[in-house]
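A quick note: this is a predicted structure, and the numbers were derived from the prediction, not measured.
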Amino acid sequence: MDTGPAPHGPAPHGPQRARRPLRPLRVPRALRLLNDLLAFVLEVAALLALAVWGYEWGGRLVVGALIGAVVAGAAAVLWGAFAAPRARYRVPLPAVLGVKALVFGSAALAVAGLGHGQRAWWFAGLVLVNTALATAYRSRERST
């Protein structure tokens, strides 16, 4: 009984099968919308975490509020320019993922810096799974 190609290439005795093109990842619409909603919630949570961290780091009401606004504002501008679905500048996927890693990574560090280490790990894990799923189904859509 033939079980397919050998582990190190095609079997020497049969015709080589042509590779089929990737099919779109079939994710039900409700799950995609739920993942997109989670992405939005995570983005807002990241901005909030950065703002709270900046406020706490500033120490005083006015200085803390200013630092929190600047840190969260810088992250929002960076996100809107390169990582948002309708970003101002279209950049390759690795650059988009780099911006997401920078913003979400900074937010996770901010949460940890506020004394919530376990929550920071949960946040980072959710971000990782959410971004991987969104990237997988969006890249499959573009390739078809």
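- Follow the hydrophobic side-chain contacts under 4.5 Å out from Val63 and you reach Trp53 in the same cluster.
- Ala108 and Ala120 make their closest contact through O-CB, 3.3 Å (heavy atoms, listed as atom of the first residue, atom of the second, distance).
- Considering only heavy atoms from C-beta on, Ile67 comes within 4.5 Å of Trp57 through its side chain.
- Put simply, Leu78 and Val96 are part of the same group of oily side chains (I, L, V, M, F, W, Y) that touch within less than 4.5 Å, one to the next.
- The same ILVMFWY cluster, assembled from side-chain heavy atoms under 4.5 Å apart, contains both Val103 and Phe123.
- With values rounded to the nearest 0.5 angstrom, Leu97 atom CG is found 12.5 Å from Leu102 atom CG.
- Closest of all the heavy-atom pairs between Ala49 and Leu114 is O-CD1, 4.3 Å.
- Follow the hydrophobic side-chain contacts under 4.5 Å out from Val91 and you reach Val99 in the same cluster.
- With values rounded to the nearest 0.5 angstrom, Arg90 atom CZ is found 12.5 Å from Phe82 atom CZ.
- Between the side chain of Asn130 and the main chain of Asn35, a donor-acceptor pair closer than 3.5 Å is present.
- Side-chain atoms of Phe104 and Leu42, non-hydrogen and from C-beta on, do get closer than 4.5 Å to each other.
- In this structure, Leu133 CG and Leu38 CG are separated by 9.5 Å, a value rounded to the nearest 0.5 Å.
- Atom CG of Leu50 sits about 9.5 Å away from atom CG of Leu109, to the nearest 0.5 Å.
- Hydrophobic cluster membership differs between Leu61 and Leu66, with clusters built from Ile, Leu, Val, Met, Phe, Trp and Tyr side chains linked at under 4.5 angstrom.
- Scanning both residues, Ala84 and Gly80, for their nearest heavy atoms gives CB-CA, 4.1 Å.
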